[in-house]
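Since the structure comes first, as structure tokens, the remarks are kept for the end.
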Amino acid sequence: MPSKQVGILGFGNLGQYLTNNILANNQEIVSLAFIQNRSESKLNEAPEIISPYQKLSGNLDEAINSFLDGGRKVDVFVECSHPDIITKYGVTLLRSAPLFITSLTALADDGLLERLKRTSEEVGHAIFVPTGAGWGFDDIKKMAQLNLIKSASISMKFNADALRLNSPLKEELIAFSQSNTSAEIELFNGPVRELAKLAPNNVNTMCGLALAASSLGFDGVYGRLIAQKKDHFHEVKINIEGPDGFVVKALRKNPARPGAVTGSMTFASFWASLCQAARVDRAGLVFV
């Protein structure tokens, strides 16, 4: 099977990590079509082996259209930027090629999710959902398909420096960060759909669970967000309950650099997911 041409949308930490792995892959599974970033200066950090025509900046729509008009192709778009990219351009991108989404909080918008699903079926391109920091999502998806999930909840604990929140949680986090307390603080406990709007950069794993536990969805899966100051680990706890007392609990502790939104091991998870996505040729939501 020929390698898949991958277009990287966003050249932050994750975009750079995936790009470096693609280049080191020697085009066996995936190869680099382009890297795109709104700021051109960020692209100056790219490896010299990447050609100027592969570095796209400015307006995403115009940059990609110009790239494709040049007779070049993209087999998979990989979004690793911000949920706004999926909100604004997701449907358009999906019409051109399969779409690998890391900013899953965008899919908490039911209208957008349905438009993406409908487009996927129309054009035959997959919407890839990487499991990232989620553990056991394949099994949870099977249970949901059989309507066997009674409840699903997930808590995520971050160092306060790693959280990027919107109001009113933003102000609560600032007050906590500036306080002298050493105790952790619960910032939110409720439906994942609500939290996705308040913490769009931090709770993609929660949204992945809501997609996997489709019988409950974004309103039925509950999320708890906790901030602490003690260390820089990202902690994820998943609790699933089924019939007749069935219970599964998962705990994942992931080391992270200070202030990093993505934990260290999650980068490797995304790379493995991308390699798996390169072997898939079907429409619909595909967990990888």
Side-chain angles (χ1 to χ4, degrees), residues 3-27 29-64 66-68 72-90 92-94 96-107 127-133 162 164 200-205 207-208 234 254 256-257 259-278 288:
S3 66
K4 294 292 180 72
Q5 292 282 321
V6 172
I8 301 291
L9 308 177
F11 204 59
N13 291 333
L14 179 57
Q16 292 178 35
Y17 177 88
L18 293 177
T19 297
N20 290 333
N21 274 273
I22 290 170
L23 295 175
N25 178 60
N26 295 321
Q27 301 188 4
I29 302 171
V30 291
S31 51
L32 187 68
F34 65 79
I35 54 176
Q36 182 277 336
N37 198 74
R38 182 177 58 183
S39 169
E40 185 176 1
S41 61
K42 190 72 175 175
L43 298 178
N44 293 331
E45 301 174 17
E48 292 182 3
I49 192 174
I50 299 176
S51 301
Y53 79 82
Q54 293 177 293
K55 300 176 183 179
L56 312 183
S57 61
N59 180 276
L60 186 144
D61 231 356
E62 295 175 1
I64 291 177
S66 176
F67 181 88
L68 295 176
R72 305 175 184 100
K73 83 175 224 183
V74 181
D75 293 311
V76 183
F77 290 112
V78 179
E79 175 279 317
C80 42
S81 176
H82 191 277
D84 283 351
I85 296 298
I86 301 303
T87 300
K88 295 176 181 177
Y89 304 107
T92 302
L93 291 168
L94 188 59
S96 296
L99 181 58
F100 184 103
I101 301 175
T102 70
S103 298
L104 298 177
T105 51
L107 304 184
I127 304 164
F128 292 113
V129 179
T131 53
R164 310 284 184 268
N201 298 104
N202 292 106
V203 298
N204 291 301
T205 302
C207 293
H234 295 181
N254 190 8
R257 295 195 307 273
V261 171
T262 303
S264 302
M265 290 297 290
T266 305
F267 285 98
S269 175
F270 281 131
W271 169 242
S273 293
L274 179 56
C275 291
Q276 184 175 336
V288 288

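This chain uses plain numbering: 1 for the first residue, then up along the sequence. Just so it is clear, the structure is predicted and the values come from calculations on it, not from any experiment.
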Evaluate the side chain to side chain contact (heavy atoms under 4.5 Å, CB included) criterion for residues Thr19 and Val6: first the C-alpha distance (whole Å), next the side-chain angles of each, then the deciding distance (0.1 Å), finally the verdict. CA-CA 9 Å; Thr19 297; Val6 172; over 6 Å; no

Would you check if the side chain of [X] reaches a backbone N or O of [Y] as a donor-acceptor pair within less than 3.5 Å?
X: Lys4; Y: Ala278; result: yes
X: Asn21; Y: Trp271; result: no
X: Ser269; Y: Gly132; result: yes

Quick one: side chain to side chain donor-acceptor pair (under 3.5 Å) pairs with a partner in residues 46-56, sequence neighbours left out? none

Atom [atom1] in [X], atom [atom2] in [Y]: separation rounded to 0.5 Å?
X: Phe11; Y: Leu18; atom1: CZ; atom2: CG; result: 10.0 Å
X: Leu32; Y: Asn25; atom1: CG; atom2: CG; result: 11.0 Å
X: Ile86; Y: Glu79; atom1: CD1; atom2: CD; result: 4.5 Å
X: Cys80; Y: Leu14; atom1: SG; atom2: CG; result: 4.5 Å
X: Ile8; Y: Ser81; atom1: CD1; atom2: OG; result: 11.5 Å
X: Ser264; Y: Asn13; atom1: OG; atom2: CG; result: 10.5 Å

With sequence neighbours excluded, tell me which residues meet side-chain hydrogen bond (donor to acceptor under 3.5 Å, both in side chains) with Asn254. Thr266

Kindly write out the residues that satisfy side-chain hydrogen bond (donor to acceptor under 3.5 Å, both in side chains) with Asp75, not counting sequence neighbours, or none if the list is empty. Lys73

If the condition is side chain to side chain contact (heavy atoms under 4.5 Å, CB included), which residues does Val74 pass it with, not counting sequence neighbours? Ala33, Phe34, Phe67, Leu68, Phe77

List in chain and number order the residues that pass side chain to side chain contact (heavy atoms under 4.5 Å, CB included) with Ser31, two or more places apart in sequence or in another chain; answer none if no residue qualifies. Ser3, Gln5, Gln27

Any side-chain heavy-atom pair of [X] and [Y] under 4.5 Å:
X: Phe128; Y: Ser273; result: no
X: Leu274; Y: Ile22; result: yes
X: Val288; Y: Val129; result: no
X: Ile101; Y: Ile127; result: yes
X: Thr102; Y: Asn204; result: no

Step through the shown structure and confirm whether more than 12 heavy atoms of other residues, nucleotides or ligands are within 6.0 Å of CZ on Arg257. no

Partners passing salt bridge (charged side-chain N to carboxylate O under 4.0 Å, His left out) against Lys88 (at least two apart in sequence or in another chain): none

Just jot down the salt bridge (charged side-chain N to carboxylate O under 4.0 Å, His left out) partners of Glu62, sequence neighbours excluded, or say none. none

Between Ser103 and Thr105, a side-chain donor and acceptor under 3.5 Å: no

Report the C-alpha distance between His82 and Asn201 in whole Å, list the side-chain angles of each, state the deciding distance to 0.1 Å, and finish with yes or no for side chain to side chain contact (heavy atoms under 4.5 Å, CB included). CA-CA 7 Å; His82 191 277; Asn201 298 104; 3.7 Å; yes

Pairs in or reaching into residues 30-47: which pass salt bridge (Lys or Arg N to Asp or Glu O under 4.0 Å), with residues at least two apart or in two chains? Lys42-Glu45

Considering residues at least two apart in sequence or located in another chain, which fulfil the ring-ring contact (aromatic ring centres under 6.0 Å, His included) criterion with Tyr17? Phe267

Let me see the working for Leu60 and Gln36 under side chain to side chain contact (heavy atoms under 4.5 Å, CB included), right down to the final yes or no. CA-CA 8 Å; Leu60 186 144; Gln36 182 277 336; 3.7 Å; yes

Can you list the steps and then say if Ile64 with Leu9 is a side chain to side chain contact (heavy atoms under 4.5 Å, CB included)? CA-CA 10 Å; Ile64 291 177; Leu9 308 177; 4.0 Å; yes

